[in-house]
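Take a look at the structure set out below.
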2 protein chains.
Amino acid sequence: MSAAPQRREEILATAAEVFAAQGYNATTVREIADAAGMLAGSLYYHFDSKESMLDEILSTFLDELWARYDAVLAAGLGPRETLEALVIESFREIDRHRAAVAIYQRESKHLLAQPRFGYLAGSQAQFEKAWLGTLERGVATEAFRADLDIRLTYRFVRDTVWVAASWYRPDGPSSAEEIAGQYLSTVLEGIAPRA
Amino acid sequence: MSAAPQRREEILATAAEVFAAQGYNATTVREIADAAGMLAGSLYYHFDSKESMLDEILSTFLDELWARYDAVLAAGLGPRETLEALVIESFREIDRHRAAVAIYQRESKHLLAQPRFGYLAGSQAQFEKAWLGTLERGVATEAFRADLDIRLTYRFVRDTVWVAASWYRPDGPSSAEEIAGQYLSTVLEGIAPRA
DNA sequence: CTCCTTCCCTAACAAGTGTTTGGTAGGTTA
DNA sequence: TAACCTACCAAACACTTGTTAGGGAAGGAG
């Protein structure tokens, strides 16, 4: 479909930053064009519409995310190791596609209604399946506490991981791996000292 | 200023729901009016502007939130009990002002720039002070683990608590207190079984 | 009955929106 | 040189946006 040369991806990255900073609806194509050093109409040489840009940003991100997730899930690890690997890959994905993750987090809920973005629902379902399955497996094998509310725990973990995209900065004091480590330590061991 | 009779607050609650569901910018005054059973122009009998509605929704919510938070902070509890009380009050606030919390979570970041919403920055600073202080006190008194990254932990806790507003439903299977309990159990003790 | 207030409607406005059309400078190919 | 493709600009388009102005129905107060 799109033998995307460098200029196209440059514009896409710029658009993603503006979308992430201001929100999709609050961003005008004139602002995107301005940030890319061109005029609004010129964007339409590269893209069909503003919506197409959003679509391409999100689907590119999800494709890469699922490549990593599938690799983890196919590795045959135990539940605790699977959870650790998923969290680490998630933070790495935030590191690589910070803007896309922020956009996804913010817009996916109401985009689900549009047929064009129906694939977001599929991705969300797979996502839930992967995490819930890992947690269930962990409870069954006594790798996790038996009294966990699985669905609540899933939501807590999911939210906390992805929301990090709103404050994470690649040039910040902590690397993605360090943040993942601290987070895993919190979730697995708790913040109260072990007796 | 506003001796708000019932109709006004009715409209405000409706607007909050629509803002929370679609986002502030993506919501038109015609949609709000429609949901309230009137025409767009009629809203301006009750409110100066669309922005005024947003302002009133957020400031009302923050006023009530801080009344509860201040009570907790003034109670002279230990760090662990303070953290527990703050989390419980937060989930109760989500229960009462679900829409407002969702809007705050979604829009506050870019509203901070506007002078009219400058009070959001103040509230955010107080918020950070309250949570960071509690965590620091907990580490100092050995109520919490000594190797915690305080700032990261603060962000994790803050995000996870407030993001719940995007999926919590008052008529759902778990009450605000039950969710708070499960969450506190996760954060304090961890999901791995204690030896 | 008349006056006045409350609450809403009708109809329009100006500004901003995403998008389209036609044109054009510069480089590449033949 | 001529033809062509790429990447952009200039100017406009139809539409939606938040907002305003004037009017009118309903009901209580005098």
Side-chain angles (χ1 to χ4, degrees), chain A residues 1-59 99 103 106-107 110-111 113-117, chain B residues 1-59 99 103 106-107 110-111 113-117:
Chain A
M1 181 92 60
S2 55
Q6 74 260 35
R7 185 56 173 146
R8 181 190 172 85
E9 297 199 12
E10 217 175 294
I11 297 173
L12 217 48
T14 305
E17 291 299 330
V18 186
F19 285 156
Q22 312 192 350
Y24 172 73
N25 282 288
T27 300
T28 71
V29 293
R30 284 168 179 81
E31 286 172 320
I32 299 173
D34 210 47
M38 58 201 302
L39 290 184
S42 308
L43 288 174
Y44 290 80
Y45 171 76
H46 299 278
F47 303 96
D48 296 348
S49 64
K50 182 188 174 188
E51 201 178 76
S52 291
M53 299 188 215
L54 178 62
D55 194 353
E56 202 166 325
I57 290 169
L58 291 179
S59 57
I103 297 168
R106 185 177 189 161
E107 315 283 352
H110 62 271
L111 287 178
Q114 285 178 256
R116 172 169 200 171
F117 293 94
Chain B
M1 181 107 44
S2 56
Q6 76 257 37
R7 185 57 174 147
R8 182 190 171 88
E9 298 199 10
E10 217 175 294
I11 297 173
L12 217 48
T14 305
E17 289 301 329
V18 186
F19 285 156
Q22 312 193 350
Y24 173 74
N25 282 288
T27 300
T28 71
V29 294
R30 283 167 180 80
E31 286 172 320
I32 300 173
D34 210 46
M38 57 201 304
L39 291 184
S42 308
L43 289 174
Y44 290 81
Y45 171 76
H46 299 277
F47 303 97
D48 296 349
S49 64
K50 183 187 173 190
E51 202 179 74
S52 292
M53 299 188 215
L54 178 62
D55 194 351
E56 202 166 326
I57 290 168
L58 291 179
S59 57
I103 297 168
R106 184 178 186 151
E107 315 284 353
H110 60 270
L111 287 178
Q114 285 178 254
R116 171 168 200 171
F117 293 94

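Naming: A, B, ... by sequence-line order, numbering from 1 per chain.
Between dC9(C), dC9(D), dG18(C), one nucleotide has an atom nearer to the side chain of Val29(A) than all others, and that is dG18(C). Minimum atom distance to the side chain of His46(B) is reached by dC7(C), of the listed dC9(C), dC7(C), dC9(D).
The side-chain heavy atoms of Glu107(A) and Leu58(A), taken from C-beta on, include no pair separated by under 4.5 Å. Looking at heavy atoms from C-beta onward, Tyr24(A) lies out of side-chain contact with Arg106(A) at the 4.5 angstrom threshold. Between Ser52(A) and His46(A), the closest side-chain pair of non-hydrogen atoms is not below 4.5 Å.
Taking atom CZ of residue Phe47(A) and atom C1' of nucleotide dA7(D), one finds them 13 Å apart after rounding to whole Å. Separating the CG atom of Leu43(A) from the P atom of dA7(D) is a distance of 14 Å, rounded to the nearest angstrom. Atom CG in Leu54(A) sits roughly 17 Å away from atom C1' in dT19(C) (whole-Å rounding). Between Gln6(B) atom CD and dT6(C) atom C1' the separation is 12 Å, expressed in whole Å. Atom NZ in Lys50(B) sits about 9 Å away from atom P in dT17(D), given to the nearest Å. In this structure, Arg30(A) atom CZ and dC8(D) atom C1' are separated by 16 Å, rounded to whole Å. Rounded to whole angstrom, the span from the OH atom of Tyr44(A) across to the P atom of dA12(D) amounts to 19 Å. With rounding to whole Å, Met38(B) atom CE is found 14 Å from dT10(C) atom C1'.
Within 4.0 Å of Thr27(A), counting heavy atoms only, lie sugar-phosphate atoms of the nucleic acid but no base atom. Ser42(B) comes within 4.0 angstrom of a nucleotide base, judged by non-hydrogen atoms across all strands.
Residue Arg7(A) places at least one side-chain N or O under 4.0 Å from the OP1 or OP2 atom of dC8(D).
With DNA chain D read from its 5' end, the first of the two nearest nucleotides for Tyr45(A) and Gly37(A) is the one closest to Tyr45(A). In terms of position along DNA chain C, the nucleotide closest to Thr28(A) lies nearer the 5' end than the nucleotide closest to the other residue of the pair Asp48(A) and Thr28(A).
Nearest heavy-atom pair, Thr14(A) versus Ala36(A), reported as atom, atom and distance to 0.1 Å: CG2-N, 4.0 Å. Ala99(A) and Ala16(A) get closest at one heavy-atom pair: CB-O, 3.6 Å.
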